[in-house]
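First the structure, in the form of structure tokens, and then the observations on it.
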Amino acid sequence: MKNYSKIISVLLTIAILATIAVIPGSALATEITAGNTKETATNIPQYGIDYVSSLSKAEEVDWFKFTTLSEDAFYNVYFENYNLANTDSWSVNSDYSPHLYLYDENMKQLEWCYTGGDRTGSFNLKLESSTEYYIKILMGKEKKDSIGNYQITISAKLDNIPDTLEESSKIQLNTKIVSSLDGYPDTDWFSFTTGSSDEEYTIHFVNYDLPNTSSWSVNRDYSPNIDMYDKYMQTIASDYTRGNKETTFKVALEANTTYYVKIYMGSGKLGSVGNYEFTVSSDNTDSPIAPPVTTKTLSSISVDTLPAKIQYTVGEELDTTGMVVRAKYSDGTSAVVTNYEVYGFDLSKAGTSVVRVSYSEGGVTKTAAFSVVINESTDQTPDDNSNSSFSFDSIIEFFDGILAFFAQILEWIIDLLSSLA
Ligand SMILES: [Ca+2]
Ligand SMILES: [Ca+2]
Ligand SMILES: [Ca+2]
């Protein structure tokens, strides 16, 4: 065994170099293994992360699931085909590409997509809060035998302004409101109450970064729109941002009355995501505006950072170390809180479990949720290892064999070279 250690170090160097060469591509995405059925669907633990998986045999069907946030949010599901069969750009036919289906808990299909000519597919929709959804991935029927890798990324965008008049978000007069349209199709409803005399109010509406109709083609379908309603749901004003991306209009309103503001994207650009600003103001300083209500109440909580440990073995205790919980308030402020409670989880059996987080302040309780994975216990006594096909000893033997093989080859080469010299 002469020079054995030198040979090992050469081989190790080769192995390290090979590993480094591979990392740049794979470091960007996280590998995930899918389940084969809805019941064994693999939980997608985090939003905004690129997960890579594979269809590794003919007619394989991959299942994933995810739990939505406790807040109102839009979800974008992005699907990319790395090296599976794919329809050509000139013949967009889904039968030749991988398909992705989204289901609710009752297996009602909500959306689907396939990877088109650019090898990607996606959709955007609002989902119920704190709810489990399922994703199924399989090849189109003309390429059922194709095997290869794909990427799936789920992103969430909070929509903190209600979508209905009944739940509208109360705003103050003479105050700049900045908010966003967050998905397909978002509607934001606000309400305000007028001051103590009948008067004219000025509404100023600004489009920050949403699509906008061009000045030469004035069409409200391509801009964000603002509508105003009275309490009888009669439209009392309607406008949209123009070429300079803003608009101002005046409207006469009755004293001490509640009015509603609806902001939404024109039908030609539904689903656009971006920010807007508006102000409802009165110039009449003689008529004092109703004093602002300044009560700050807890409006939601979120898990900003998941605990460091989200993979468990059956029977382990929950460990929330590293978890960051944020409380959000009605005035738009937020704070990290620590006196929350966790409940509702079950780590006593394999599978996934939803962990609920609750936090109370000022008589208001809000909840959030995240999921953990519980793996089957690997309760093996040391004796079992010798029977297992992948025991530590057998791995050592395997590598030892490889090292001896390479050492033999190197010895032959050295012998050959020295005989030529
Ligand atoms: Ca698979
Ligand atoms: Ca919104
Ligand atoms: Ca909304």
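Since the model is a prediction, treat every value here as computed from it, not as a measurement. Both ligands and their constituent atoms are indexed starting at 1 by order of listing.
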#### Entry: Geometric cation-pi criterion, Lys262 with Tyr264: 6.0 Å, 45°
yes

### Message
Taking backbone and side chain together, does Ile161 place any N/O/S atom at a distance below 3.0 Å from the Ca ion (ligand 3)?
### Response
yes

### Task
State, with a plain yes or no, whether a side-chain heavy atom of Thr115 is found less than 4.5 Å away from one of Phe79.
yes

### Message
Tell me whether the Ca ion (ligand 3) has Asn160 as a neighbour, meaning an N, O or S atom of it below 3.0 Å.
### Response
no

### Query
Roughly, to 10 degrees, what angle do Asp163 atom OD1 and Asp188 atom OD1 form around the Ca ion (ligand 3)?
150°

### Angle in degrees, rounded to 10°, that OD1 of Asp159 and OD1 of Asp186 form at the Ca ion (ligand 3)
90°

### Query
Tell me, which pairs form a salt bridge (charged side-chain N to carboxylate O under 4.0 Å, His left out) where one or both residues lie in residues 303-322, sequence neighbours left out?
Asp304-Arg326, Lys309-Glu316

### Query
Does one side chain, of Asp227 or Thr235, offer a donor that lies under 3.5 Å from an acceptor on the other?
no

#### Entry: Name, closest N/O/S atom of Asp182 to the Ca ion (ligand 2)
OD2

### Task
Answer yes if the side chains of Thr352 and Ser371 hold a donor-acceptor pair under 3.5 Å, and no otherwise.
no

### Message
Looking at Phe74, I'd like to know if the NZ or CZ of Lys157 sits under 6.0 Å from its six-membered ring centre while staying within 45 degrees of the ring's axis.
### Response
no

### Task
Check step by step if side-chain contact (heavy atoms from CB on, under 4.5 Å) holds for Leu102 and Leu125.
CA-CA 11 Å; Leu102 176 72; Leu125 78 177; 4.0 Å; yes

### Query
Going by chain and residue number, what protein N/O/S atoms come nearer than 3.0 Å to the Ca ion (ligand 1)?
Ser54 O, Glu60 OE1, Asp62 OD1, Asp62 OD2

### Query
According to the interplanar angle, ranging from 0 to 90°, do the rings of Tyr276 and Phe190 count as parallel (below 30°), tilted (30 to 60°) or perpendicular (above 60°)?
perpendicular

